[in-house]
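The structure under discussion appears below in the form of structure tokens.
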Amino acid sequence: MSAYQKEYQLAQSAPQDFWQQQAQKLPWYQFPKNILSKDENGIERWFADGELNTCYLALDQHVEAGRGNQTALIYDSPVTGSKVQYSYQVLRDQVAKTAGMLTELGVTKGDRVVIYMPMIPEAAMAMLACARIGAIHSVVFGGFAPNELAVRIEDAEPKLILTASCGIEVNKVIPYKPMVDQAIMDSRWKPEHVVVFQRNACRAELTEERDRDWQALKQKAEMAPCVSVKATDPLYILYTSGTTGKPKGVVRDNGGHAVAMKYSMETLYNVKPGEVFWAASDVGWVVGHSYIVYGPLIHGCTTVMFEGKPVKTPDPAAFWRVCNEYGVKVLFSAPTAFRAIKKEDPEGGLLAEYPMNELKAIYMAGERLDPPTLEWVQEKTGRPVIDHWWQTETGWAIAGNPVGLESFDIKPGSATMPIPGYGVVVLDETGEEKSANQQGYIAIKRPLPPGCLPTVWRNHDRFQSGYLSQFPGYYVSGDGGYIDEDGYLFVMGRIDDVINVAGHRLSTGEMEEVVGGHEAVAECAVIGIHDDLKGQLPLGLVVLKDGYFSADGAIEKELLMKVRSEIGAVACFNRALVVDRLPKTRSGKILRRVIRQIADGEQYVVPSTIDDPSSLSEIEKVLG
Ligand code: COA
Ligand code: AMP
């Protein structure tokens with residue numbers, strides 16, 4: 001039996017023994033006796049009676065072990081021209097002061113803190129500071145509009161909001177404070193304070209009673225110690241798009257998460273403490289939570305926070321420059337980032353300037369890794385490119401190439417093998433396992449391994465109905481795909497209304513709600529169509545109410561602006577078309593799949609259930 005098979009089988013047949021051994025690699029305040037149990041909702045929970053502190057694991061343990069001088073975090077910001085390195089000692093002290101600032105503002109264990117910040121070290125400090133005092137952070141991606149922020153504020157009910165005066169997108173300064181003000185105005189829940197980190201590019205006005213100046217407060221704050229929390233206490237809530245307009249608050253616990261982070265750093269990414277790990281993502285996404293902040297720090301690596309883009313900051317060599325300059329050993333980003341680089345430097349000529357001697361492998365996730373991108377990056381960099389598949393819900397990879405255990409040959413289009421702990425199966429509609437190479441629903445046998453969500457914040461029914469009810473005994477991922485005859489997993493795409501735009505997960509259902517809210521719109525369909533750079537882009541097809549006409553595309557423009565202002569620029573909703581009617585089944589269901597196939601120029605079969613086959617001709621005409 002190979003090393004991988006042995007470990008995979010152990011994790012399946014004796015999960016308690018397996019994860020107990022993994023948990024022993026961390027310094028707990030109280031090591032758990034109860035490795036796997038069920039909570040009041042009947043959901044499997046890991047390490048229920050264990051006690052620990054995630055910030056202690058990420059920072060203090062390394063300082064106490066005498067590694068305080070090692071670099072913990074490198075901040076590289078081409079958009080501001082700054083480069084700063086923080087040792088573990090310095091980062092620990094900064095975080096302890098930030099935690100002290102939160103404590104002085106009345107934040108205690110279990111309180112929620114919303115973090116709406118750009119990619120600056122203070123964002124990571126804020127997350128770690130919450131973890132230090134047992135508060136639950138909820139980071140909201142900076143590209144989301146005030147309305148999205150408001151929805152999250154209402155759901156999480158934070159005591160405080162931490163923000164910065166602005167974000168910088170290439171050369172555009174985006175003031176954050178007015179967006180926070182707007183969101184609070186729109187939200188029924190009002191936080192007690194908004195703490196603003198002032199940046200030089202744009203100063204925010206702090207006129208209200210409610211607002212506080214981050215730098216001033218932090219300067220006089222006392223350092224706060226780590227508090228002990230239960231393994232099952234939430235570390236954070238991260239909202240992600242579902243099929244409806246309301247995002248889901250994925251809850252992450254402290255204990256299972258820490259164990260999973262440590263295990264993945266060794267098994268999947270194969271890095272050692274002291275090595276440099278760079279996830280080129282954003283702290284607003286799960287990749288940023290797991291692999292900019294928690295994973296690398298818990299494992300004692302050096303992490304990189306890059307405030308820039310793969311291109312235009314200043315050129316498509318940005319990734320190679322950073323890897324070369326800091327001796328990055330593992331680089332992780334989304335395929336779309338490499339497609340953007342490839343578009344601007346198709347021959348990869350800029351790579352010649354950056355030998356990247358330490359770089360061992362490039363990992364990709366966030367969307368399907370298309371074989372041409374895989375091949376281009378592999379060929380130009382000469383490094384193995386490792387696709388791995390995961391979700392906000394799981395917090396770490398469900399499938400990948402576990403090179404720390406055993407290295408598998410890469411099959412383009414496949415995320416390789418299920419990671420030990422994940423019982424991955426492909427099911428048909430009745431819940432029967434499909435045979436090799438047959439596509440179906442990708443599901444995971446319960447219990448899910450440590451680190452995966454135990455519930456949706458204050459909405460357990462949504463967890464149950466959205467993930468667990470369809471196939472009893474399994475978690476359903478929302479992705480479709482197949483396992484081939486060698487056990488390789490191929491993830492082919494979502495089977496629900498979720499799309500992936502530039503590695504960002506978005507809900508077409510939510511966009512439909514926004515578009516449908518326009519006074520002129522009778523009905524609409526938003527579908528994800530193929531885009532060479534961003535993987536997918538949303539396209540809206542709209543039927544107007546009687547009496548409305550779109551002169552010179554005026555209504556279409558209003559719809560684009562509406563989605564931009566209610567969801568955010570990140571939705572990339574740049575195309576809406578008015579049509580006379582939408583193709584539907586006789587029972588009134590819009591044929592989204594067929595519309596997508598027409599838009600993508602794919603062959604399609606006219607469904608026998610179609611109400612009026614001629615409705616497809618118009619779609620062909622407008623999309624042709
Ligand atoms: N704050 C404010 N606005 C933001 C933002 C942020 N943090 N992130 C993105 N936006 C805005 C952009 O400025 C852009 O606005 P515009 O329409 O006014 O130009 C819009 O949202 C769309 O952004 P994006 O889809 O990122 O497009 P882009 O052209 O700016 O960049 C890529 C394209 C591929 C370079 C970029 O998406 C990228 O680097 N992706 C990497 C993927 C990634 O990090 N995924 C996370 C999971 S691993
Ligand atoms: P998010 O929760 O934002 O990380 O998005 C998760 C979704 O992105 C998954 O359900 C998949 O649809 C998609 N995804 C992530 N990684 C991959 C991958 N390696 N291959 C295919 N799809 C992926």
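Both counts, for ligands and for their atoms, begin at 1 and track the order of listing.
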Query - Any side-chain donor near an acceptor of the partner, Glu558 and His518, under 3.5 Å - result: yes
Query - N or O contact, Gly366 vs ligand 2, cut-off under 3.5 Å - result: yes
Query raised in the report: Taking atom types as modelled, is there a side-chain donor on Ser414 or Thr416 under 3.5 Å from an acceptor on the other?
Result: no
Query raised in the report: Does any N or O atom in Ser333 lie less than 3.5 angstrom from one in ligand 1, N or O only?
Result: no
Report task. If you have a sec, work out which protein heavy atom is nearest atom 10 (N) of ligand 1 and how many Å separate them, to one decimal? Result -> Glu169 OE1, 3.2 Å
Report summary line: Judged by heavy atoms only, the candidate from Thr336, Val283, Val287, Ile174 nearest atom 34 (C) of ligand 1 is Thr336
Report task. Check whether NZ of the Lys or CZ of the Arg Lys411 lies under 6.0 Å from the centre of the six-membered ring of Tyr488 and within 45 degrees of that ring's axis. Result -> yes
Query raised in the report: Going by heavy atoms, is Phe332 under 4.0 Å from ligand 1?
Result: no
Report task. Classify the side-chain pair Tyr239/Lys246 by whether it contains a donor and acceptor separated by less than 3.5 Å. Result -> no
Query raised in the report: Counting both backbone and side chain atoms, is some N or O of Trp285 under 3.5 Å from an N or O of ligand 1?
Result: no
Query raised in the report: Within 45° of the axis and under 6.0 Å from the centre of the six-membered ring of Phe144, does NZ or CZ of Arg152 qualify?
Result: yes
Query raised in the report: Which option, Ala571, Ala337, Gly284, Pro310, owns the non-hydrogen atom nearest atom 39 (O) of ligand 1?
Result: Pro310
Query raised in the report: Does at least one non-hydrogen atom of Cys572 fall below 4.0 angstrom from an atom of ligand 1?
Result: yes
Query raised in the report: Closest non-hydrogen protein atom to atom 10 (O) of ligand 2, residue and atom name please, with distance?
Result: Asp479 OD2, 2.5 Å
**Report entry** Contact bool for atom 32 (C) of ligand 1 (protein heavy atom, d < 4.0 Å)
**Finding:** no
Query raised in the report: Got an N/O contact under 3.5 Å between Ser477 and ligand 2?
Result: no
Query raised in the report: What atoms in ligand 1 come closer than 4.0 Å to a heavy atom of Phe141?
Result: 5 (C), 7 (N), 8 (N)
Query - Sub-3.5 Å N/O-N/O distance, His388 and ligand 2 - result: yes
Report task. Identify which of Met179, Lys309, Lys534 has a heavy atom lying nearest to atom 29 (O) of ligand 1. Result -> Lys534
**Report entry** Identity and separation of the nearest protein heavy atom to atom 5 (O) of ligand 2
**Finding:** Arg505 CD, 3.4 Å
Query raised in the report: Under 4.0 Å from any heavy atom of Lys172, which atoms of ligand 1 are there?
Result: 13 (O), 15 (O), 16 (P), 18 (O), 19 (O)
Report summary line: Quick look: His504 vs ligand 1, heavy-atom contacts under 4.0 Å, and the answer is side chain
